[in-house]
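Positions are given from 1, in the same order as the sequence printed here.
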Amino acid sequence: MLRLRQYKEADAETISQWIQDKDTFMKWGGELFGDFPINGDIIADVYKNKNGLCMEKDNFYPWIAFDESGAVGHFIMRYLNGDNKTLRFGWVIVDGNIRGKGYGTEMLRLGMKYAFEILGVEKITIGVFENNSRAHACYKRVGFHDTEIVKKDPWNVVEMEILKEEYLSAN
């Protein structure tokens with residue numbers, strides 16, 4: 001059974017081990033962390049000392065998905081522009097040894113349940129690079145729908161969202 005817990009600094013090394021190649025690094029959003037390769041110290045520094053690159057204080061909530069075998073996935077939550085009714089998911093990654101087995105889908109569903117039912121948000125957004133078809137399909141499976149394509153370098157970003165009403169009607 002998959003569960004969520006708050007990220008701990010010791011998780012940074014585990015997350016870095018899931019980012020074994022430059023393609024995974026870039027699709028995860030790693031360019032915000034500097035150059036590939038990445039290590040746990042870099043992730044821990046960005047999370048602890050740079051507030052996860054969030055401008056607003058107390059607006060960075062990293063999570064770990066785990067089961068009886070240990071940590072299997074990671075993502076972050078942050079509010080957008082001081083609006084406590086809109087939450088953004090990001091930096092989503094699942095251990096490469098178990099990708100494609102439904103862990104990402106289950107992890108995001110747990111995150112959505114927390115966001116909508118505990119935090120009381122009205123909307124969750126997420127972005128995915130156009131060339132990341134596996135992640136895009138995962139996000140659609142949990143209920144996100146495309147809202148726009150943002151032209152970016154190195155890849156365009158598909159912006160997606162799910163509203164609380166959509167979530168509630170599907171669950």
Less than 3.5 Å apart, which donor and acceptor atoms pair up between the side chains of residues 112-123 and the rest of the protein, not counting sequence neighbours?
{"residue": "Lys113", "atom": "NZ", "partner": "Glu117", "partner atom": "OE1", "Å": "2.9"}
{"residue": "Glu117", "atom": "OE2", "partner": "Tyr167", "partner atom": "OH", "Å": "2.8"}

Worksheet item: When rounded to the nearest 0.5 angstrom, what distance separates CG in Leu163 from OG in Ser169?
Response: 10.0 Å
Worksheet item: Does atom CD of Gln6 have more than 12 heavy-atom neighbours, drawn from other residues, nucleotides or ligands, at distances under 6.0 Å?
Response: no
Using a 3.5 Å cut-off and no angle test, enumerate the donor-acceptor pairs between side-chain atoms of residues 89-100 and protein atoms at least two apart in sequence or in another chain.
{"residue": "Asp95", "atom": "OD1", "partner": "Asn97", "partner atom": "N", "Å": "2.9"}
{"residue": "Asp95", "atom": "OD1", "partner": "Asn97", "partner atom": "ND2", "Å": "3.3"}
{"residue": "Arg99", "atom": "NE", "partner": "Val94", "partner atom": "O", "Å": "2.8"}
{"residue": "Arg99", "atom": "NH2", "partner": "Trp18", "partner atom": "O", "Å": "3.4"}
{"residue": "Arg99", "atom": "NH2", "partner": "Val94", "partner atom": "O", "Å": "2.9"}

Response to the item:
What one should report as the nearest heavy-atom pair of Ser16 and Gly40 is OG-N, 3.4 Å
Item to complete: Using modelled atom types only, decide if a donor and an acceptor are shared between the side chain of Asn156 and the backbone of Lys152 within a distance under 3.5 Å.
Response: yes
Worksheet, complete the sentence: Residue pairs passing the salt bridge (Lys or Arg N to Asp or Glu O under 4.0 Å) test with at least one member in residues 2-13, sequence neighbours excluded, are Arg5-Asp11, Glu9-Lys48
Discussion item. Within the supplied structure, the quantity of interest is the number of heavy atoms (other residues, nucleotides, ligands) at a distance under 6.0 Å from Lys85 NZ; does it exceed 12?
Written reply: yes
Worksheet item: Between Phe33 and Trp28, what is the ring plane arrangement, given parallel below 30°, perpendicular above 60°, and tilted in between?
Response: parallel
Worksheet item: Between Phe144 and Ile124, which heavy-atom pair has the shortest distance, and what is it?
Response: CE2-O, 3.4 Å
Discussion item. With ring pair (Phe, Tyr, Trp, His ring centres under 6.0 Å) as the test, pick out the partner of His74 among Phe66, Tyr61, Trp63, Tyr47.
Written reply: Tyr47
Worksheet item: Leu108 and Cys138: which non-hydrogen atoms are nearest, and at how many Å?
Response: CD1-SG, 4.0 Å
Practice prompt. Determine the minimum heavy-atom distance between Ile43 and Ile38, stating which atoms define it.
Written response: CG1-CD1, 3.5 Å
Worksheet entry | Separation between CD of Gln17 and CD1 of Ile15, rounded to the nearest 0.5 Å | 11.0 Å
Worksheet entry | Steps toward side chain to side chain contact (heavy atoms under 4.5 Å, CB included) verdict (Asp23, Lys27) | CA-CA 6 Å; Asp23 187 58; Lys27 287 178 180 173; 3.1 Å; yes
Worksheet item: What's the spacing between Thr125 OG1 and Leu80 CG if we round to 0.5 Å?
Response: 4.5 Å
Worksheet item: Going by the side chain to side chain donor-acceptor pair (under 3.5 Å) test, which pairs reach into residues 33-42, not counting sequence neighbours?
Response: none
Item to complete: Could you tell me whether the side chain of Leu110 reaches within less than 4.5 Å of the side chain of Leu2, counting heavy atoms only?
Response: yes
Practice prompt. Indicate yes or no: at least one non-hydrogen side-chain atom of Leu168 is less than 4.5 angstrom from one of Lys164.
Written response: yes
Worksheet item: Minimum heavy-atom separation for Trp155 to Met26, with atom names?
Response: CH2-CB, 3.3 Å
Worksheet item: Can any side-chain N or O of His145 pair as donor or acceptor with the backbone N or O of Glu161 at less than 3.5 Å?
Response: yes
Worksheet item: side chain to side chain donor-acceptor pair (under 3.5 Å) with Arg141: which residues, sequence neighbours excluded?
Response: Thr105
Item to complete: Carefully, step by step, assess Val128 and Tyr139 under the rule side chain to side chain contact (heavy atoms under 4.5 Å, CB included).
Response: CA-CA 9 Å; Val128 61; Tyr139 302 163; 3.7 Å; yes
Practice prompt. First locate atom CG of Asn131, then atom NE2 of His136, and finally report the distance between them rounded to the nearest 0.5 Å.
Written response: 11.5 Å
Discussion item. Please give me the minimum heavy-atom distance between Lys140 and Met160, naming the atom from each residue.
Written reply: CG-CE, 3.7 Å
Worksheet entry | Results of salt bridge (charged side-chain N to carboxylate O under 4.0 Å, His left out) for Glu159 - residues two or more places apart only | Arg88
